[in-house]
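For reference, the structure is listed below as structure tokens.
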Amino acid sequence: MRKKYVIANFKMNKLDSEIEEYLSTLIPLTVAGTSQIVLAVPSVSIKTASTKCKDTNIMISAQNVSEHDFGSYTGENNAEMIKAVGASATLVGHSERRGGYGENDDIANKKILCALKSGLVSILCIGETIFDRKNNLTEKAIKSQLTSCLKSIYANEFNHIVIAYEPVWAIGTGVTPTNQEIEQSIKCIRSVLTDIYDEDIANSVSIVYGGSVTDLNIRELVKISSLDGVLVGGASLSCEKFSKIISIFEKKKN
Ligand code: PEP
């Protein structure tokens with residue numbers, strides 16, 4: 001049975017005090033759940049959030065991690081630093097990092113290797129652009145990203161990897177793929193993992209969908225039997241909407 005995830009990405013939103021307040025509301029609403037709730041908060045709030053979430057089923061994640069160890073990398077945070085202030089996970093390869101900060105698959109790969117060394121879970125974001133989608137290149141893009149991002153990562157490290165299928169054109173746009181398209185991409189991801197590793201590994205990895213998930217479209221998304229979770233950006237900023245997404249996801253049949 002694969003682990004289920006409901007992940008929030010706050011991006012560069014919310015002050016430390018607002019995150020504390022948000023968690024005061026969210027924590028009591030999540031006590032009975034079985035899915036792993038993850039909050040990817042700005043790095044300056046990891047300590048506050050992780051302290052507040054101690055002994056809850058909410059895991060705190062960074063939104064980014066350096067691909068380097070210690071050294072002269074002004075403005076960066078390495079995996080050990082993130083872990084030391086209480087994060088258990090980090091997003092890697094988010095499309096806003098790829099698009100805005102020149103991150104590529106090779107850098108994402110180095111970030112995962114650093115995260116693994118420190119025992120952090122990597123939530124690896126992959127997904128096609130609108131150009132790929134329109135030109136029938138979605139599966140090619142998924143294969144290429146996965147192959148490069150997972151270089152030198154061993155099968156026994158997959159308990160620290162979650163894959164977030166996030167089509168670039170669906171992030172923050174209010175547009176989502178059809179359930180059939182998401183299912184097809186999940187199938188493609190498992191097939192690539194079978195080729196690189198084996199069927200056991202491919203079937204053990206949790207794959208979540210991200211891109212304009214809301215408290216309204218979640219009812220449709222939970223019909224996807226192969227879906228192990230969702231990654232929610234914009235809608236997660238409202239605690240009311242995010243907790244609704246969690247409670248609808250919790251009722252998912254498979
Ligand atoms: C994201 O930040 O990964 C994301 C999916 O954002 P949104 O839900 O706003 O599309």
Side-chain angles (χ1 to χ4, degrees), residues 4-14 18-19 22 26 35-43 45-46 49 58-65 87 89-101 103-105 107-108 111-112 115 121-130 132-133 138 141-142 145-146 149 161-179 181-182 185-186 189 206-222 224 227-249:
K4 302 281 191 278
Y5 289 87
V6 183
I7 306 169
N9 177 15
F10 283 176
K11 313 193 189 206
M12 197 175 72
N13 293 293
K14 293 194 186 293
E18 293 170 325
I19 292 177
Y22 182 107
L26 185 69
S35 306
Q36 176 66 67
I37 312 299
V38 183
L39 249 60
V41 300
S43 47
S45 289
I46 291 173
I58 302 175
M59 179 193 265
I60 299 304
S61 171
Q63 297 174 8
N64 183 32
V65 66
T90 180
L91 302 183
V92 174
H94 190 280
S95 72
E96 287 157 13
R97 300 291 319 167
R98 292 173 186 262
Y101 300 89
E103 286 188 15
N104 56 26
D105 294 329
I107 295 174
K111 290 186 176 202
I112 298 175
V121 170
S122 291
I123 302 166
L124 170 63
C125 305
I126 57 162
E128 80 282 4
T129 62
I130 192 64
D132 296 329
R133 173 63 63 180
T138 297
I142 288 174
Q145 287 176 34
L146 271 181
C149 291
I161 307 274
V162 173
I163 295 178
Y165 169 59
E166 298 210 297
V168 179
W169 52 274
I171 297 179
T173 58
V175 184
T176 53
T178 62
N179 280 7
E181 286 168 333
I182 296 172
S185 292
I186 292 174
I189 292 169
S206 298
I207 302 177
V208 307
Y209 166 76
S212 296
V213 176
T214 68
D215 52 325
L216 302 175
N217 60 23
I218 186 70
R219 283 186 202 283
E220 190 56 27
L221 291 166
V222 293
I224 304 171
L227 187 73
D228 301 317
V230 283
L231 198 166
V232 190
S236 73
L237 296 176
S238 153
C239 187
E240 192 188 338
K241 287 184 184 169
F242 187 57
S243 53
K244 204 162 153 197
I245 291 169
I246 295 170
S247 80
I248 296 168
F249 187 80

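Just so you know, ligand 1 is whichever comes first in the structure, and atom 1 is the first atom listed for that ligand. The structure presented is a predicted model; accordingly, all values stated were derived computationally and were not measured.
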> Considering only protein heavy atoms, which is closest to atom 9 (O) of ligand 1, and at what distance to one decimal place?
Replying inline: G234 N, 2.8 Å
>> Side chain, backbone, both or neither: which applies to S236 and ligand 1 if a contact is any heavy-atom pair less than 4.0 Å apart?
In response: neither
> Which ligand 1 atoms, with their elements, are less than 4.0 angstrom from a heavy-atom of A170?
Replying inline: 10 (O)
> Between the side chains of Y5 and S206, is a donor N or O closer than 3.5 angstrom to an acceptor N or O?
Replying inline: no
>> Can you name the atoms of ligand 1, numbered from 1 with element, that are less than 4.0 Å from a heavy atom of G172?
In response: 7 (P), 9 (O), 10 (O)
> Does some side-chain heavy atom of L146 sit less than 4.5 Å from a side-chain heavy atom of I163?
Replying inline: yes
> Only one of R98, K111, R97 clears salt bridge (charged side-chain N to carboxylate O under 4.0 Å, His left out) with D105; which?
Replying inline: R98
> Which protein heavy atom lies closest to atom 8 (O) of ligand 1, and at what distance to 0.1 Å?
Replying inline: G233 N, 2.8 Å
> Which of the atoms in ligand 1, numbered in the order shown and given with their element, are less than 4.0 Å from a heavy-atom of S212?
Replying inline: 7 (P), 8 (O), 10 (O)
> For atom 1 (C) of ligand 1, what's the nearest protein heavy atom and its distance?
Replying inline: H94 NE2, 3.1 Å
>> Quick one, V222 with L227, criterion side chain to side chain contact (heavy atoms under 4.5 Å, CB included). Give me CA distance, side-chain angles, the key distance, then yes/no.
In response: CA-CA 7 Å; V222 293; L227 187 73; 5.9 Å; no
> Taking the side chain as C-beta and beyond, is there a heavy-atom pair between Y101 and N64 under 4.5 Å?
Replying inline: no
> With a 4.0 Å cut-off on heavy atoms, is G211 touching ligand 1?
Replying inline: yes
>> Can you tell me if K241 has over 12 outside heavy atoms packed within less than 6.0 Å of its NZ?
In response: no
>> Under a 4.0 angstrom heavy-atom cut-off, which atoms of ligand 1 come close to N9?
In response: 1 (C), 2 (O), 3 (O)
> Which protein non-hydrogen atom lies closest to atom 5 (C) of ligand 1, naming both residue and atom, and how far is it?
Replying inline: E166 OE2, 3.1 Å
> N/O of K11 under 3.5 Å from N/O of ligand 1, yes or no?
Replying inline: yes
>> Tell me the contacting part of I171 for ligand 1: side chain, backbone, both, or neither, using a 4.0 Å heavy-atom threshold, strictly below.
In response: both
> Crowded around E181 CD? As in, over 12 foreign heavy atoms under 6.0 Å?
Replying inline: yes
> Is any side-chain heavy atom of I19 less than 4.5 Å from a side-chain heavy atom of P42?
Replying inline: yes
> Does C125 reach ligand 1, in the sense of a heavy atom lying below 4.0 Å from it?
Replying inline: no
> Counting N and O atoms only, with roles assigned by atom type, does the side chain of D132 sit under 3.5 Å from a partner on the main chain of T138, one being a donor and the other an acceptor?
Replying inline: no
